[in-house]
2 protein chains.
Amino acid sequence: MARIAGVGTTTVSRVINGGDRVAPEMLAHVRKVMEELGYEPNQAARALKSARSKTIGLIIPSIVDPFFAEFASVVELMAREKDYAVIFLTSHDRAERGMADLKILERHRADGLLIVPPRTGSKALLDQLTQLGVPVVAFDRPLIGRNCSRILCGNFPAAEIATKHLIDHGRKRILVLGGDPRLHTIQQRLEGYEKAIGEAGLEPIIEMDASDYASAEAAITRRIKQKGGIDAIFGLYNQSTIRAYEVLQNRNIRVPDEISLIGFDDFALASTLRPSITVMRQNITEMAQTATRLLLQHMNGEVTSPQQIEIEAHLIVRQSCGFHGATSK
Amino acid sequence: MARIAGVGTTTVSRVINGGDRVAPEMLAHVRKVMEELGYEPNQAARALKSARSKTIGLIIPSIVDPFFAEFASVVELMAREKDYAVIFLTSHDRAERGMADLKILERHRADGLLIVPPRTGSKALLDQLTQLGVPVVAFDRPLIGRNCSRILCGNFPAAEIATKHLIDHGRKRILVLGGDPRLHTIQQRLEGYEKAIGEAGLEPIIEMDASDYASAEAAITRRIKQKGGIDAIFGLYNQSTIRAYEVLQNRNIRVPDEISLIGFDDFALASTLRPSITVMRQNITEMAQTATRLLLQHMNGEVTSPQQIEIEAHLIVRQSCGFHGATSK
DNA sequence: CTGTTAGCGCTTTCAT
DNA sequence: ATGAAAGCGCTAACAG
């Protein structure tokens, strides 16, 4: 490149990096030659010399989950604006897989890392994170045992709001349907539910196993048949909400007349189903933007101390709670 | 690293690359030191020297679309098995954005590329692809104007099967709902529909604009009201199917009794909605595996000539077509 | 079987 | 304002 332009490599380097301290006509000349050749600087060489790969790692449990997909989408958008490429890795929510991911990022000398910690945490993973030696921002779940920045949804207050919404409209027998109890998000949501239930003097009705349709059906049936029955269901995450919906449909239970339904997490067809489903919607975009911005700030030293930021979720009232269009307080 | 283990760098290099031509005890020793140090070879240096970045590029219109998300998921899985990292970029279906993506991959010296061509093709993009100079495999859509491998869904026969399914069960007034006509996939599906309709001696009823709810509603309403009406709708892609579903729901038209519904593309809640929706399901996993495998083969020279492979889609019969459980031919 | 050496393409002093 | 030269960590001859 330098040879063809008839200049020194130093000059080319200066042009690549913004063109400071280069004579205007020289700058124009080199830029023109670059253009003609379609020259792109070799990132490997730059990385080797400068110890900055211009790459960030993104570790998520799965890219098929719309929640993580939206996260990834925002990350890619913001990273490229700052000239970072993103290497994406899926952990399938397993610590060993996450560790393999970290090895890959270490080889590629990623400059920073956004990670949704696998639900099965492990000491070994934390150690390897330390070894990586680059800024890390945890997303959606805290990285327990490591003092790094975290961007979370305000799960506790959101669950409280959702539960209160049902209570304020006269529901008294509210079943909360889990949720992997190992997940911080699920724990927080459950606690929010319990707080609202407790303050209203109601009895908590908790079923944590809705891991598939059969268990969701068993749990709901059991609670319907017990003394007092139930008049509402609060799904702690999208899958349990969907399963509750299916169970109610299949048993021909009228929603919301007989049983109100409200879910945590919005999902594509929540508004298409009939009845449409009332949900607490996480502000994924803002969570993702905040996380990416923070990581970049950590990477260039603008922020050094770990931050913990919670982003509010919002209630989207639809038909399934039964108070759609009603004058809600 | 070499210093600490008390050996030459060549030996370390050999160990990294499999340990051939290294004495067994030496190999064990070096491996042990590596382990203790948590040493990972610097990929930037290896890339610089070997001109192979061990990185592949993945350009998709959007990661939020479940179809592309599943594609990405499979790519990541297979790439990491062969020790490749994947840099993922979204084109938002725009050629200029795709070109920016290619620049990024060129800087990072990606060894290969999987791309879903933006719907607005462009000569400039093809040129830049040539300039990249690495194996390319097109996914889902052909890269028109460039003779490279492509993995597509068998859209034509699949649309024919879907249409025939309706015809074989007595439907005669079948509305086909588009679909960006610039997309190769949509064109092929439309042609499949037309073939089946033509062979049955029926009249094609085509509405290509279902780009939002309002246009879908206008199109469907128009066709319902016209002489003869319609007795079935074939959605050419998931969004038009969902919109058709919503329109029918909102107009209290009984599905499938009054109008049958069948869609191209399966989607998460197609089985949850009531009635559940009959669809042609693309075999995304197999498409993705085939594409990734083929790219890797191109990269290591096992395959040199461009391949064109179409993967069959399959009919998933649910309730919305009206022939669920019925004895279908 | 193992080490010495010369670059890969950049960035970065240090001269000029 | 520009260039010469050293070196980032690795691989690939080539010697020994």
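In what follows, chains carry the letters A, B, and so on, assigned in the order in which the sequence lines appear, proteins first and then strands, with residues in each chain numbered from 1.
Atom CZ of B/Arg182 and atom CZ of B/Arg141 lie 9.5 Å apart (nearest 0.5 Å). With values rounded to the nearest 0.5 angstrom, A/Ile284 atom CD1 is found 12.0 Å from A/Ile311 atom CD1. Between atom CZ of residue A/Arg107 and atom CG of residue B/Asn42 there is a gap of 11.5 Å, rounded to the nearest 0.5 Å.
Distances from the side chain of A/Lys49 to the nucleotides C/dT11, D/dG9, D/dC14 place C/dT11 closest.
Contacts between residues 19-43 of chain B and DNA chain D, defined by a heavy-atom separation under 4.0 Å, are made by B/Tyr39, B/Pro41, B/Asn42.
The aromatic rings of B/Phe67 and B/Phe139 lie tilted to each other, with the angle between the two planes from 30° to 60°.
Atom CG of A/Asn17 is separated from atom P of C/dC10 by 11 Å (rounded to the nearest Å). Distance, A/Arg14 CZ to C/dG9 C1': 17 Å, rounded to whole Å. The separation between B/Glu106 atom CD and C/dC10 atom P is 12 Å, rounded to whole Å. The nearest whole Å value for the distance from the CD1 atom in A/Ile16 to the C1' atom in C/dC10 is 7 Å. Distance CG (A/Leu48) to C1' (D/dT11): 12 Å, rounded to an integer number of Å. Spacing between atom CZ of B/Arg107 and atom P of C/dC10 amounts to 12 Å, rounded to whole angstrom units.
In this structure, A/Thr9 and B/Thr9 both approach DNA chain D, and ranking their closest nucleotides by distance from the 5' end singles out A/Thr9.
With hydrogens and angles left out, the side chain of B/Arg109 and the base of C/dG9 share no donor-acceptor pair within 3.5 Å. Within 3.5 Å, a donor on the side chain of B/Thr10 pairs with an acceptor on the base of C/dT4, or the reverse.
A donor-acceptor pair under 3.5 Å is formed between the side chain of B/Arg97 and the backbone N or O of B/Thr90.
Side-chain contact, A/Thr55 with A/His108: no donor N or O sits under 3.5 Å from an acceptor N or O.
One finds a side-chain N or O of B/Arg46 lying less than 4.0 angstrom from the OP1 or OP2 phosphate oxygen of D/dT11. Distances shown here put a side-chain N or O of B/Thr11 below 4.0 Å from the OP1 or OP2 atom of C/dG3.
Smallest separation of non-hydrogen atoms from B/Leu132 and B/Leu102: CD1-CD2, 4.0 Å.
Counting non-hydrogen atoms under 4.0 angstrom, B/Val12 reaches nothing in the nucleic acid.
Counting heavy atoms of neighbouring residues, nucleotides and ligands inside a 6.0 Å radius, atom CD of B/Glu302 exceeds 12 of them.
Axis orientation changes by 40° from one end of the helix from C/dC1-D/dG16 to C/dT16-D/dA1 to the other, with each end axis drawn from 5 pairs and the value rounded to 10°.
Applying the side-chain contact (heavy atoms from CB on, under 4.5 Å) rule to B/Glu310 yields the partners B/Leu152, B/Gln308; only residues at least two apart in sequence or on another chain are considered.
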